[in-house]
Every structure is written in C-alpha cells, then in structure tokens.
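The structure under discussion appears below in the form of structure tokens.
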Amino acid sequence: MTYIDNNKDDTFYLGFDLSTQQLKCLAITQNLEIVHSETVEFDKDLPHYGTQKGVFINNERIESPVAMWLEALDLVLTKYKSANFPLDKVQAISGSCQQHGSIYWSKQAPNLLKEGIKNGKTTTLIEQLYPMAFTRLTAPNWQDHSTGSQCQQLETLTGGPNKMANITGSRAHFRFTGSQILKIAQEEPETYAITDTITLVSNFLSSILCGKLIPLEEADCCGMNLYDIPKRDFNRDLTQYIDIEASNNSHNPKNNKTLVEKLLGPPVKCGFTPHNLGPIGTYFIKKFGFKEDCNIFPFTGDNLATICSLPLQQNDILVSLGTSTTVLLVTDQYHPSPNYHLFIHPAIQNTYMGMICYCNGALARERIRDELNKNHNLSASNSWELFNKAVLNKDVDTSNELGVYFPLSEIVPSVSPVTKRIIFNKITGEIDHEVKQFINKSHDAKNIVESQALSCRVRISPLLNNSIEENKSTNKKVTVSFDYDKDIPLEQFLHKRPNRAFFVGGASKNDAIVTKFAQVLGATEGNYRLDTPNSCALGGCYLALWSDLYKKEIISSKFDVFLQEKFPWDELERICNSNADIWNEYNNMIVPLSRLESSL
Ligand code: XUL
C-alpha cells in the first residue's frame with residue numbers, strides 16, 4: 001500500500017500489535033487520524049516457519065517461534081519503507097502484544113542488542129540476534145494448557161484460588177506466565193539455568209526496538225500470577241518457590257540468578273507520568289530512516305491496549321459480543337475474584353482493568369436461533385428475524401422465567417455444560433420449579449439474551465463505584481451469592497449502573513441483542529457501538545501519542561482526559577439510551593439468577 005501524504009503532516013505515532021497470527025503496525029497523526037497500516041500475517045507471509053495460525057501445536061503445548069517475530073518486525077517496517085511512508089517523521093512508538101507469552105534470553109543478549117541494534121549494524125534482526133540472544137527458540141503462547149500441575153503448586157502455596165486472586169488479580173491459569181516459567185524451571189532445568197533474562201512479549205518487542213533489555217511493563221506483568229497488585233511488587237513467596245524448584249532441578253544451581261533478577265527487577269510502573277524507554281536503536285535509524293530522537297514508550301498487553309483505544313474512564317465498560325463474551329472495564333475498586341481478572345491500568349493512576357470472559361456467547365445464542373427457526377420450518381435458515389423479534393417482544397412474558405444455556409463449560413459461573421430453565425416466584429425471587437421447556441422457543445430466545453446480560457450486570461456491579469439513589473430501601477435480609485461472593489445483601493446490586501457502555505464484536509451489529517444488553521446493563525451516560533479492527537494497535541498509537549506529548553510538556557492532561565477530548569466521537573454510533581424503568585425490572589431477576597446458579 002503506497003502512502004499518500006495528503007495532509008502534509010509532520011508528526012506521526014506508531015502503534016504495533018504483535019498478536020498470535022500477525023504483526024500489525026498502524027500510524028496516526030496528532031489528531032488521532034489513522035494514516036497508514038501494514039500487516040505481516042505469519043502463516044501467509046512467513047510460511048517457512050510452518051506455523052498454523054501463528055503457533056506450533058504439540059498436544060497441550062502451544063508455542064510460537066521467536067525468530068518469526070524478529071523477521072516479521074523487519075518485514076513490517078520494510079513494507080512501510082516500500083510504501084514511502086516518512087518514518088523520519090515518527091515521533092514516538094508504543095504497542096500491544098499478546099499477553100502471557102515468555103521469551104528466554106541468554107547472557108549474550110545485552111551485548112548483541114547493543115552491538116547490533118543500539119549501535120546499528122544493518123543486516124537483519126535475525127542475523128544480529130538469532131539464535132545467540134536466546135536460550136529457548138520458542139515462546140509459550142497464551143493458548144498453551146500444559147501447566148495444570150504448576151498452577152496447582154502455585155495456588156496451593158498461596159492458599160487457594162481466592163488467595164491467589166487476592167494477591168495477583170487472577171487465580172492460577174494455565175496461560176499465566178508464572179506457571180509457564182515454573183514448568184520450564186522444572187522440565188528444562190538446564191535451559192532455565194542458562195537463561196539470563198525472561199521477558200513477556202511486550203517487553204521483548206520494546207527491547208528489540210530500543211537495543212537494550214527493557215523491564216516488564218506493570219499492567220502486562222499482572223498477567224503472570226507473580227505480581228502482588230495491592231503491594232505493587234513481586235510476591236516473593238511465589239518467585240522464591242520458582243527459584244527453589246529451579247535449583248532443586250538443576251545440575252548447576254550456583255550459576256542461577258533469582259527469578260526477580262531474571263525478570264530485570266521491578267516492572268516499569270504504570271499510571272504515573274509516562275516512562276520514556278529511550279530512543280529507537282540505530283539499526284532502525286540506518287535501515288528504515290527513523291529519526292534519532294524517536295521515543296519508545298512501554299508496550300502493554302493486547303486487552304490492556306484495547307481499553308486504551310477508547311476514551312474509557314472509570315465505570316465505563318466495553319462489551320465484546322463475539323464467539324465468547326468478554327467484558328472489559330475501568331475501575332478503581334480492587335475486588336478480585338477467581339472467576340475474572342484484574343490488571344493494573346496501563347495509563348490511569350490508581351485504576352484497574354477488569355476482564356470477565358465467558359465461554360458461552362454467540363454459539364449458545366445460535367443454537368436457540370436454530371431451534372426457533374426449525375420450529376417454524378425454517379430449518380436451513382440462519383436468519384435472526386424470529387429470534388430478534390422474540391428478544392424485544394413485550395408479549396413474550398419472561399418476567400417469572402429464567403434460563404441458563406451453557407453448551408460449553410462456563411467460566412462465570414464455573415460449571416460444566418448445562419442447560420436449565422426455571423419458573424420463579426415473582427415476590428420472593430425463589431425458584432418455584434424447574435421446567436424442561438418454556439411455553440415456546442421464543443421464550444428461550446428472550447431468556448438467553450436476558451440471562452447472559454444479567455450475568456454481566458451482577459459481575460460488574462462490585463467493580464462500579466457510583467451509586468444511583470433509586471432502590472435503596474429493599475429488604476436488607478435478602479442475600480445473593482455469585483461465584484465466590486457469598487451472601488451479599490441484594491441491595492448492593494440495586495444501585496450501581498455503568499456510566500457508558502461500548503459494544504463491539506459480531507453480535508453488537510444485531511440490534512435486538514445489543515439493545516437487550518444495553519437495557520439490562522443500564523449505562524447512565526449512553527451506549528455506543530463500533531467496529532474495532534485496529535483496537536490493539538490503535539491503543540498503542542494513543543499511548544505513544546499521549547506519552548510523547550506529555551513528556552515534551554505539550555500537554556498536561558491525564559491519559560483518559562486527553563482521549564476524551566481528542567477522540568473522534570463521530571466514528572462511534574450512539575445506540576439506544578438506557579431506560580431506568582426497564583433496568584429496574586431486571587432487579588427482580590437477580591435473586592432468581594443467584595438461586596439458579598447455586599443450583600448448578
Ligand atoms: C488474555 C489472553 C488473550 C491473549 C490474546 O488473558 O490470554 O486475550 O492476550 O492475545
């Protein structure tokens with residue numbers, strides 16, 4: 001793609017997105033306008049690595065070749081150069097990377113980075129660094145699920161899933177880097193022993209660009225199950241456990257650095273003033289024409305970059321209605337749960353990103369849609385017409401019905417596949433009886449969307465800190481339980497609504513589904529819908545832009561305020577307004593949902 005400089009802009013900001021299947025690089029102007037984009041698709045553009053969807057799959061082990069990422073970085077910038085994009089006008093760079101992956105670097109790495117990149121030998125990144133700078137040629141990918149035993153060890157050490165979540169913001173997960181590192185210390189002790197440095201993917205990429213090893217970025221570091229979020233420091237019990245396991249397994253324990261040393265000490269802290277990691281390495285200046293004072297700012301994880309691609313402020317939520325449903329939100333409430341994740345926010349002080357991931361989203365709805373169509377002899381049709389009509393139809397009375405529809409195991413609540421329909425008592429909210437079927441399939445259509453949205457509502461509630469005055473005089477004795485939050489007064493779920501809701505993903509294009517979600521969630525300051533093909537890279541661009549302007553004292557506003565002011569709001573579609581009366585109607589369904597989930 002050739003770059004045509006219509007605007008004669010003289011300042012650009014780059015945002016990288018190193019995801020599982022591709023490396024993208026996006027360029028924006030100071031006015032947040034996207035002016036250029038190039039992508040390297042790993043399977044297609046670099047077929048010699050033989051990856052499938054960017055990874056090697058060996059049963060439970062899923063890893064990516066590090067060399068492929070190095071080659072991709074050279075290639076994406078070569079594409080920029082071939083397009084005649086003026087890389088000499090790039091002021092600053094940041095980016096987004098897949099979370100949890102780990103890269104194992106050798107003792108020679110700092111010198112190789114310095115000689116080859118910082119001081120600027122111009123051949124290729126592979127020739128400069130590969131394989132000498134690395135002790136492991138592949139990086140575990142977030143889809144890896146070979147660490148069951150290590151997760152158990154770490155969780156036992158902390159005292160169980162709840163404790164682990166309290167400390168690190170998440171319970172132990174296969175993909176989280178702590179268990180991945182422990183596995184390598186136990187199963188590949190000699191590799192671990194000669195590993196001098198371990199980075200995540202985010203500081204792997206910033207290290208290459210700077211030509212020196214860069215410590216972890218604090219927000220992404222929360223995806224390791226090693227970082228004590230309230231204390232904002234590594235949890236020494238966890239890191240020392242890995243140290244001990246490493247030396248117990250190695251023949252050469254004396255040479256071993258501690259894990260915290262391998263991780264280059266404390267991470268680069270987030271939320272204060274932006275941290276300039278330094279200028280881009282001479283390699284990139286000589287080879288691609290970057291200017292000498294092009295600044296590199298910390299790269300973060302992809303979900304964290306996504307929340308930075310929108311003007312999300314405290315109590316705003318982003319709902320992704322894809323194959324699965326994911327809710328991302330900005331909160332100042334540290335209310336961890338084993339069923340979701342909390343990370344430190346990459347750019348807003350004293351703030352966290354909540355991430356709630358559901359397995360059952362689109363697939364479960366499609367099943368109901370198909371059954372409904374079949375009952376109307378539309379068996380071959382994928383049409384949403386009947387489904388959508390039912391979802392918004394007031395005559396489909398679901399006011400004493402509730403169903404959970406989990407064809408796949410669910411994370412929130414954590415249960416095996418199950419479908420269950422109940423009729424409840426409208427006055428007490430208690431379950432009256434279970435039914436095999438509702439009166440017809442239209443009821444399932446309305447119920448599935450209502451229960452999916454309601455589940456999101458009750459999980460975000462403890463993470464919101466606003467309070468609306470309505471509904472405070474309920475019967476205080478009624479309590480509900482969701483996941484690990486047991487016997488919480490119902491009242492606590494009746495006066496919190498998000499400020500704004502942003503809907504993305506395939507099903508956000510479906511008016512009926514998105515309207516129902518908006519009704520149940522009840523955002524007080526508006527609901528928006530948008531396409532987000534670039535959200536990760538764009539978050540990187542915005543972080544680069546804001547950080548650079550702030551550092552140069554051109555602006556003094558905080559990240560969220562800056563974005564709120566500058567954001568191209570006309571690119572968002574404002575959809576239905578929430579209605580307090582409709583939102584209130586769903587209060588009656590919170591007790592039944594709690595009882596239904598407890599019965600699974
Ligand atoms: C988040 C996660 C994925 C990866 C995808 O915990 O595992 O979203 O970050 O790149």
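In each ligand, atom 1 is the first atom listed, and ligand 1 is the first ligand listed. As a basis for the values below, the full set of heavy atoms in this structure was taken, side chains included, without hydrogen atoms, waters or symmetry mates. Here the structure is a predicted model, which is why all the values come from computation and not from measurement.
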Close side-chain approach of S64 and T51, heavy atoms under 4.5 Å = no

Selection from H173, H341, R175 by shortest heavy-atom distance to atom 2 (C) of ligand 1 | R175

Counting heavy atoms only, which of T326, N141, D302, T20 is nearest atom 5 (C) of ligand 1?
-> D302

Give a yes or no on whether the ring-centroid distance for F85 and F12 is below 6.0 angstrom.
-> yes

Hey, which atoms in ligand 1 end up nearer than 4.0 Å to a heavy atom of Q98?
-> 10 (O)

So the atoms of ligand 1 within less than 4.0 Å of a heavy atom of M355 turn out to be 1 (C), 6 (O)

Considering only non-hydrogen protein atoms, determine which one is nearest to atom 6 (O) of ligand 1 and report residue, atom name and distance to 0.1 Å.
-> H100 NE2, 2.6 Å

Around atom 8 (O) of ligand 1, find the nearest protein heavy atom and jot down its residue, atom name and distance.
-> N303 ND2, 3.1 Å

Stepwise ring pair (Phe, Tyr, Trp, His ring centres under 6.0 Å) test for Y49 and F42 = CA-CA 8 Å; Y49 290 98; F42 300 141; 8.8 Å; no

Between I198 and L259, does a side chain to side chain contact (heavy atoms under 4.5 Å, CB included) hold up when you go through it step by step?
-> CA-CA 8 Å; I198 303 173; L259 177 56; 4.0 Å; yes

Distance-only donor-acceptor check, side chains S102 and T177, under 3.5 Å | no

